[in-house]
**Q** 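My questions all concern the structure below.
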Amino acid sequence: MSRIERPAPAEDVQAVAERQRAARALLRTPLLHADGPGADDLRLVRRHRMDLERLFADGFGYRLVVDPGAARLFKTGLGRDATRPLRRRGGKPFTPRMYALLCLTVAALGRGKSQLLVDELVAQVRSAAVDAGLDVDLDSITDRRALHAALSALADLGVLHERDGDLEHWADHRTASLLDVRRDRLGLLVSAVLAGADGPDDLIDRAALPSAAGGARVAVRRRVVESPILSVDALTEEQTEWWRRGRNREREWFADRLGLQVELRAEGAVAIDPDGELTDVEFPAGGSGRHLALLLLEALVARLRPGAREAAAPERVWRRADPELVAAVSAEVIAEWGAGLKREHRENTEHAVTEARQVLVDFGLVRVEPDGGWLLHAAAARYAVTATLAGDGQGDA
């Protein structure tokens, strides 16, 4: 008589959906706090805390800390990657000066009071700058605006809360402001271990180092989730072999846990989020610069495709467009489609091409060589478009 086994209990569909939403929220916003826009997501993180801790630890080598009022995913990124800067509220990237003042402010807050006036905080930042041996002049408008960017970033992260006053206009008008300091969240900010670090470069390398337990699995999964393009030529031999053996399994893994569609390609993979939530660099997307980037990409791919077809497989991953070809194609595209760009780009086409190029670099489709040539990744070919000009020619292409 054969034995009849009970079927495994069906997985709770709602719980799966909640865990996926919470995991995506943490990847998008690694510091969630209870009085911010991610409060609902924080409740889901707390509800599925143990599952999420296992997911991020085993899958990516990331540490998840969940406190009553905040959750912090210590998502250390890929290391020396300049394409994902901290951004100001207006969208512009932080400058080196702003980063320096952000670090000084965090240091000053660590030894200050839990509630203080902004002028008191400025005095502490001055003191921290002296201790660090940095030349900072907070009487100059440049450094005051840089400090204001740092304070705004800390307010958005929930570390600072303006109890009273006008912090918004402090840099230009020296307005007063009373600030609460959330020390529990301040302690969650720094993702790498500071003790023993020899400097900024050492700190970045430490943070990006995959855990010994994860090996190739952790390293490759981090690349898939941190960058839209996974290129096998950037992997070590061990990582390449692991990816070759398990890439079909990985496609299912990312779909089940994060809702990411991993498009497998001969040269690696492209991670696509159908909901467009997980990336801070949308492409393709609206806007004059991104439209121009798409048009440039299509024109360059058309020029490079015949040579790529005749090249050996490893040489197809990145194809070079010489500076002369980039200039000629840019001029052709501007001549044909320039009327559809916004006024700023029509009046300064060189700036328009530079902005479009940066979009492609940030997305991982283009690398710029020292002589100005562009290297196009093979995945660029998937973005072929059929362009039309809408309206009277004054709108976006």
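Hydrogens, waters and symmetry mates play no part in the numbers below; they use all other heavy atoms, side chains included.
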**Q** Do Trp374 and Arg357 come close enough that some side-chain heavy atom pair is under 4.5 Å?
**A**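 Trp374 reaches Arg357 side chain to side chain.
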
**Q** Tell me every residue that passes side-chain hydrogen bond (donor to acceptor under 3.5 Å, both in side chains) with Gln358, counting only those two or more places apart in sequence or in another chain.
**A** Asp362

**Q** Look up atom CZ in Arg19 and atom CD in Gln14, then write down how far apart they are to the nearest 0.5 Å.
**A** 11.0 Å

**Q** Under the rule for side chain to side chain contact (heavy atoms under 4.5 Å, CB included), what residues qualify as partners of Arg43, not counting sequence neighbours?
**A**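 With sequence neighbours excluded, Arg43 shows a side chain to side chain contact (heavy atoms under 4.5 Å, CB included) to Asp40, given in chain and number order.
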
**Q** Is it the case that one hydrophobic cluster holds both Tyr99 and Leu134, taking links as side-chain heavy atoms less than 4.5 Å apart, direct or via other members?
**A**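 Linked, Tyr99 and Leu134 end up in one cluster.
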
**Q** Taking the side chain from His291 and the backbone from Gly340, do they hold a donor-acceptor pair closer than 3.5 Å?
**A**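 Absent.
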
**Q** Taking Asp51 first and then Arg257, would you say they form a salt bridge - that is, a charged N and a carboxylate O separated by under 4.0 Å?
**A**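 Between Arg257 and Asp51 there is no salt bridge, as every charged N stays at least 4.0 Å from the carboxylate O atoms.
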
**Q** Mind checking salt bridge (Lys or Arg N to Asp or Glu O under 4.0 Å) for Arg244 and listing every partner two or more places apart, or none if nothing turns up?
**A**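 Only Glu241 meet the salt bridge (Lys or Arg N to Asp or Glu O under 4.0 Å) criterion with Arg244.
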
**Q** Apply salt bridge (charged side-chain N to carboxylate O under 4.0 Å, His left out) to residues Arg21 and Asp275 and explain how you reach the verdict.
**A** CA-CA 12 Å; Arg21 176 182 163 181; Asp275 296 329; over 6 Å; no

**Q** Who pairs with Arg249 by side-chain hydrogen bond (donor to acceptor under 3.5 Å, both in side chains), at least two apart in sequence or on another chain?
**A** none

**Q** With heavy-atom distances below 4.5 Å as the criterion, would you say the side chains of Tyr62 and Val218 are in contact?
**A** no

**Q** Run the salt bridge (Lys or Arg N to Asp or Glu O under 4.0 Å) test against Glu162 and tell me which residues pass, sequence neighbours left out.
**A** none

**Q** Could Asp172 and Arg144 be called an ion pair, given the rule that one side-chain N must be under 4.0 Å from one carboxylate O?
**A**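 Between Arg144 and Asp172 there is no salt bridge, as every charged N stays at least 4.0 Å from the carboxylate O atoms.
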
**Q** Going by side chain to side chain contact (heavy atoms under 4.5 Å, CB included), name the residues that satisfy it together with Ala39, two or more places apart in sequence or in a different chain.
**A** none

**Q** Any chance you could lay out the salt bridge (charged side-chain N to carboxylate O under 4.0 Å, His left out) test for Arg217 and Asp58, step after step, and finish with the verdict?
**A** CA-CA 9 Å; Arg217 183 187 74 244; Asp58 296 342; 5.5 Å; no

**Q** Would you please name every residue forming a side-chain hydrogen bond (donor to acceptor under 3.5 Å, both in side chains) with Arg163, sequence neighbours left out?
**A** Asp180

**Q** Is it true that a side-chain atom of Ser288 and a backbone atom of Lys342 form a donor plus acceptor pair closer than 3.5 Å?
**A**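 Side chain of Ser288 to backbone of Lys342: a pair is present.
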
**Q** Atom CG of Leu102 and atom CG of Leu151: how far apart are they, to the nearest 0.5 Å?
**A**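 So the CG of Leu102 and the CG of Leu151 are separated by 9.0 Å.
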
**Q** Report the relative orientation of the aromatic rings in Phe363 and Tyr383; use parallel for angles under 30°, tilted for 30 to 60°, perpendicular for over 60°.
**A** perpendicular

**Q** Looking at Glu226 and Lys75, is there a salt bridge between them, counting it only when a charged N and a carboxylate O are closer than 4.0 Å?
**A** yes

**Q** To the closest 0.5 Å, what do you measure between CG (Asp41) and CZ (Arg28)?
**A**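 Nearest 0.5 Å value for the CG-CZ distance: 6.0 Å.
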
**Q** Which heavy-atom pair separates Pro323 from Gly372 by the least distance, and what is that distance?
**A**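 In terms of heavy atoms, the two residues are closest at CG-C, 3.9 Å.
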
**Q** Asp67 vs Arg72, test: salt bridge (charged side-chain N to carboxylate O under 4.0 Å, His left out). Steps then yes/no.
**A** CA-CA 8 Å; Asp67 287 342; Arg72 173 72 158 109; over 6 Å; no

**Q** Is there a donor-acceptor contact under 3.5 Å from the side chain of Asp322 to the main chain of Leu325?
**A**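 No, because the side chain of Asp322 does not come within donor-acceptor range (under 3.5 Å) of the backbone of Leu325.
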
**Q** Enter the distance from Arg222:CZ to Leu230:CG here, rounded to the nearest 0.5 Å.
**A**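 Atom-to-atom, Arg222:CZ and Leu230:CG are 14.5 Å apart.
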
**Q** Not counting sequence neighbours, which residues clear side chain to side chain contact (heavy atoms under 4.5 Å, CB included) with Asp135? List them please.
**A**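 Applying side chain to side chain contact (heavy atoms under 4.5 Å, CB included) to Asp135 gives none.
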
**Q** Is the side chain of Ser231 donor-acceptor paired with the backbone N or O of Ala234 at a distance under 3.5 Å, no angle test?
**A**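 Here the side-chain-to-backbone pair does not exist.
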
**Q** Quick one: does Ser227's side chain have a donor or acceptor within less than 3.5 Å of a partner on Arg223's backbone?
**A** no

**Q** In terms of relative ring orientation, are His345 and His351 parallel, tilted or perpendicular, with 30° and 60° separating the classes?
**A** tilted

**Q** Using side-chain hydrogen bond (donor to acceptor under 3.5 Å, both in side chains) as the criterion, list what pairs up with Glu250, not counting sequence neighbours.
**A** Arg221

**Q** Salt bridge check, Arg89 against Glu168: does any charged N sit closer than 4.0 Å to a carboxylate O?
**A** yes

**Q** I'd like to know if the side chain of Thr29 reaches the main chain of Leu32, judged simply by a donor and an acceptor atom lying under 3.5 Å from each other, with no hydrogens or angles considered.
**A**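 It does not hold such a pair.
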
**Q** Mind checking ring-ring contact (aromatic ring centres under 6.0 Å, His included) for Trp242 and listing every partner two or more places apart, or none if nothing turns up?
**A**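 For Trp242, no residue satisfies ring-ring contact (aromatic ring centres under 6.0 Å, His included) once neighbours in sequence are set aside.
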
**Q** Could you tell me the separation between the CG atom of Leu258 and the CZ atom of Phe60, rounded to the nearest 0.5 Å?
**A**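 It is 5.0 Å, given to the nearest 0.5 Å.
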
**Q** With side chains defined as the heavy atoms from C-beta onward, is the minimum distance between Arg126 and Val122 less than 4.5 Å?
**A**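 Heavy-atom side-chain distance check passes, below 4.5 Å.
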
**Q** Is there a path of hydrophobic side-chain contacts, each under 4.5 Å between heavy atoms, that joins Ile141 and Leu138?
**A**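 No; Leu138 is not reachable from Ile141 via cluster members.
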
**Q** For Phe56 together with Phe74, are the ring centres under 6.0 Å from each other?
**A**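 No, the ring centres sit 6.0 Å or more apart.
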
**Q** How far apart are the C-alpha atoms of Asp35 and Arg185, what are their side-chain angles, what is the distance that settles it, and do they pass the salt bridge (charged side-chain N to carboxylate O under 4.0 Å, His left out) test?
**A** CA-CA 12 Å; Asp35 48 352; Arg185 297 171 193 172; 2.9 Å; yes

**Q** Ion pair present between Asp131 and Arg111, side-chain N to carboxylate O less than 4.0 angstrom?
**A** yes

**Q** Are Val359 and Trp318 joined in one hydrophobic group, where the rule is that I, L, V, M, F, W and Y side chains link up if heavy atoms are under 4.5 Å apart?
**A**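 Shared cluster, no.
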
**Q** Under 3.5 Å, side chain of Arg183 to main-chain N/O of Leu109, donor-acceptor pair present?
**A**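 The answer is yes, because a donor-acceptor pair under 3.5 Å joins these two groups.
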
**Q** Run the salt-bridge test on Asp119 and Arg174 with the 4.0 Å N-O cut-off and return the result as yes or no.
**A** no

**Q** Tell me which donor-acceptor pairs under 3.5 Å the side chains of residues 261-272 have, and how far apart each pair is, sequence neighbours excluded?
**A**
| from | atom 1 | to | atom 2 | distance (Å) |
| --- | --- | --- | --- | --- |
| Glu263 | OE1 | Arg382 | NE | 3.3 |
| Glu263 | OE1 | Arg382 | NH2 | 2.7 |
| Glu263 | OE2 | Arg265 | NH1 | 3.2 |
| Glu263 | OE2 | Arg382 | NE | 2.8 |
| Arg265 | NE | Glu267 | OE2 | 2.4 |
| Arg265 | NH2 | Glu267 | OE2 | 3.2 |

**Q** Do Leu375 and Leu360 share a hydrophobic cluster (ILVMFWY, side-chain heavy atoms under 4.5 Å, transitive)?
**A**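 No, because Leu375 and Leu360 fall into different hydrophobic clusters, even though each may have its own neighbours under 4.5 Å.
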
**Q** I'd like to know if Glu310 pairs up with Arg316 as an ion pair, taking the criterion as any Lys NZ or Arg NE/NH1/NH2 lying under 4.0 Å from an Asp or Glu carboxylate oxygen.
**A**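 Result for this pair is no, no salt bridge flagged.
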
**Q** A side-chain contact here means heavy atoms from C-beta on lying under 4.5 Å apart; do Leu278 and Arg24 qualify?
**A**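 Yes, at least one pair of side-chain atoms sits under 4.5 Å.
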
**Q** Do Val159 and Leu86 share a hydrophobic cluster, counting only Ile, Leu, Val, Met, Phe, Trp and Tyr and linking them when any side-chain heavy atoms are less than 4.5 Å apart?
**A**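 Yes, Val159 connects to Leu86 through the hydrophobic network.
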
**Q** Could you tell me whether a side-chain N or O of Thr349 sits under 3.5 Å from a main-chain N or O of Arg346, the two making a donor and an acceptor?
**A** no

**Q** Please report the shortest heavy-atom distance between Gln124 and Ala108, naming the atom on each side.
**A**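 Heavy-atom minimum between the residues: OE1-O, 3.5 Å.
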
**Q** Checking one residue: Leu117. Which other hydrophobic residues are in its cluster under the side-chain 4.5 Å linking rule?
**A**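 Listed partners: Leu178.
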
**Q** Do any N or O atoms from the side chain of His377 and from the backbone of Ala379 form a donor-acceptor pair under 3.5 angstrom?
**A**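 Confirmed, His377 side chain pairs with Ala379 backbone.
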
**Q** Could you grab the distance from atom OG1 of Thr236 to atom CD of Gln239, nearest 0.5 Å is fine?
**A**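 Reported value, rounded in 0.5 Å steps: 3.0 Å.
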
